[in-house]
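None of the values given here were measured: they were computed from a predicted structure. Proteins get letters first, then strands, A, B, ... in listed order; numbering begins at 1 in each.
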2 protein chains.
Amino acid sequence: MKQALKQFSDYIVANGLKFTPQRRLIAEVFLRQVGHLSTEDLYDRVRKEDSSVGQATVYRTLKLFCDSGLAKEVHFGDGMARYESSANTNHHDHLICIGCGKQVEFMDSEIEKLQEKLAERNGFLMTSHHMYLYGVCPACRKK
Amino acid sequence: MKQALKQFSDYIVANGLKFTPQRRLIAEVFLRQVGHLSTEDLYDRVRKEDSSVGQATVYRTLKLFCDSGLAKEVHFGDGMARYESSANTNHHDHLICIGCGKQVEFMDSEIEKLQEKLAERNGFLMTSHHMYLYGVCPACRKK
DNA sequence: TTACCTGCAAACAGTTTGCAGGCCG
DNA sequence: CGGCCTGCAAACTGTTTGCAGGTAA
């Protein structure tokens, strides 16, 4: 079993929960994805492999992913939650094209350092952050 | 008439729309606020001065604020839009306490510069960004 | 066996929209 | 006077929840 999936099943067992076929399937499909996934996307993909799975189960399982540390919820400001695996991928931020919606993920340790400094300057102990840069991508700039 | 309010009425007239009492009231109440305001907050405040105003009008007027450049929509990831005046206040980002929800607004030109550089490095022309830092505020750290 | 889970559908919260009447310009 | 606006309520969208039956351990 892959590492991330094992981490999930361990979490489940450790908390007296059950590692059901649905949870396994949802986790497998989710972990296959490199970037982020909306709940609906994930639901559609899961249903392609087992059409009997309910939407509520997907929602509930995604919550479980977050609790277990397997996934993280991210928001792009369009009133729809998205999730990304925090097991395979490292922390990153988002660069989003306002023309075509293309998304680039990046990480800049210099910015990260400044953020922590800034939080500290305000007396805060920083635990996490979200950063979204919006702009026009190379392809859209040519149009 | 205050500058920001004038900007709004100008925009309205310029687009062949009407500067109605409701729009005026909503704008006045909105502009009175220093930080950000949820739609519901604004609705409640407006109703204290004129209880006949409908919720839909507040929603529609907030959209109009955004179109006119008077306000900007911001998201904190709790599934509820908030708006802040872009007329009186300069651009800023948010530092949010995960303990008590306290919010500090800040602006750091060093970070801003790095963000633009980064976007450019990816071929993007940056137009805007959102940055949210989450952490524990001084008061909550002591608990 | 017995929690815990599931799918379903109803419930929810925030937001949008259709409509009949009202009012600004 | 005519087109834009309004309040109301119904519709919508993403998400959550109650329930009765099913199932992992």
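Within the structure, every pair that satisfies the salt bridge (Lys or Arg N to Asp or Glu O under 4.0 Å) test and touches residues 58-82 of chain B, not counting sequence neighbours, is listed here: B:D78-B:R82. The salt bridge (Lys or Arg N to Asp or Glu O under 4.0 Å) contacts involving residues 92-104 of chain B comprise nothing, where partners must be two or more places apart or lie in separate chains.
Remark: B:T20 is in phosphate contact with D:dT6, judged by side-chain N or O atoms under 4.0 Å from OP1 or OP2. Taking 4.0 angstrom as the limit, B:R23 places none of its side-chain polar atoms (N or O) nearer than this to OP1 or OP2 of C:dC24.
Heavy atoms from other residues, nucleotides or ligands lying under 6.0 Å from CD of A:E110 number 12 at most.
A:R47 has its CZ atom 13 Å from the C1' atom of C:dT6, to the nearest Å. One interatomic measurement links the two molecules: CG of B:D10 to P of C:dG25, which rounds to 13 Å at whole-angstrom precision. A:E73 has its CD atom 8 Å from the P atom of D:dT15, to the nearest Å. Distance CG (B:D78) to P (C:dG14): 9 Å, rounded to an integer number of Å. The distance from atom CD of B:Q22 to atom P of D:dC8 is 11 Å, rounded to the nearest whole Å. Here D:dT15 presents its C1' atom at 13 Å from OH of A:Y43, a figure rounded to the nearest Å. One can place CG of A:D50 at 11 Å from C1' of C:dT6, the figure rounded to the nearest angstrom. The separation between B:D44 atom CG and C:dG14 atom C1' is 14 Å, rounded to whole Å.
Under the ring-ring contact (aromatic ring centres under 6.0 Å, His included) criterion, A:H36 pairs with A:F76, A:H94, sequence neighbours left out. By the salt bridge (charged side-chain N to carboxylate O under 4.0 Å, His left out) test, A:D10 pairs with A:K6, sequence neighbours left out. Listed by chain and residue number, nothing satisfies the ring-ring contact (aromatic ring centres under 6.0 Å, His included) test with B:F124 (two or more places apart in sequence, or in another chain). Listed by chain and number, the residues in a side-chain hydrogen bond (donor to acceptor under 3.5 Å, both in side chains) with B:E49 are B:R32 (sequence neighbours excluded).
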Assess whether side-chain contact (heavy atoms from CB on, under 4.5 Å) is satisfied between B:M107 and B:H91, documenting all intermediate values.
-> CA-CA 7 Å; B:M107 218 292 281; B:H91 160 71; 4.0 Å; yes
With the sugar-phosphate defined as primed atoms, P, OP1 and OP2, and the base as all remaining atoms, what B/S/- string results for nucleotides 15-20 of chain C, 5' to 3', for protein heavy atoms under 4.0 Å?
-> BBBB--
Would you tabulate the pairs of protein nitrogen or oxygen atoms and nucleotide nitrogen or oxygen atoms of nucleotides 21-23 of chain D closer than 3.5 angstrom?
none

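Residue A:M80 belongs to no hydrophobic cluster, having no ILVMFWY side-chain heavy atom closer than 4.5 Å to its own.
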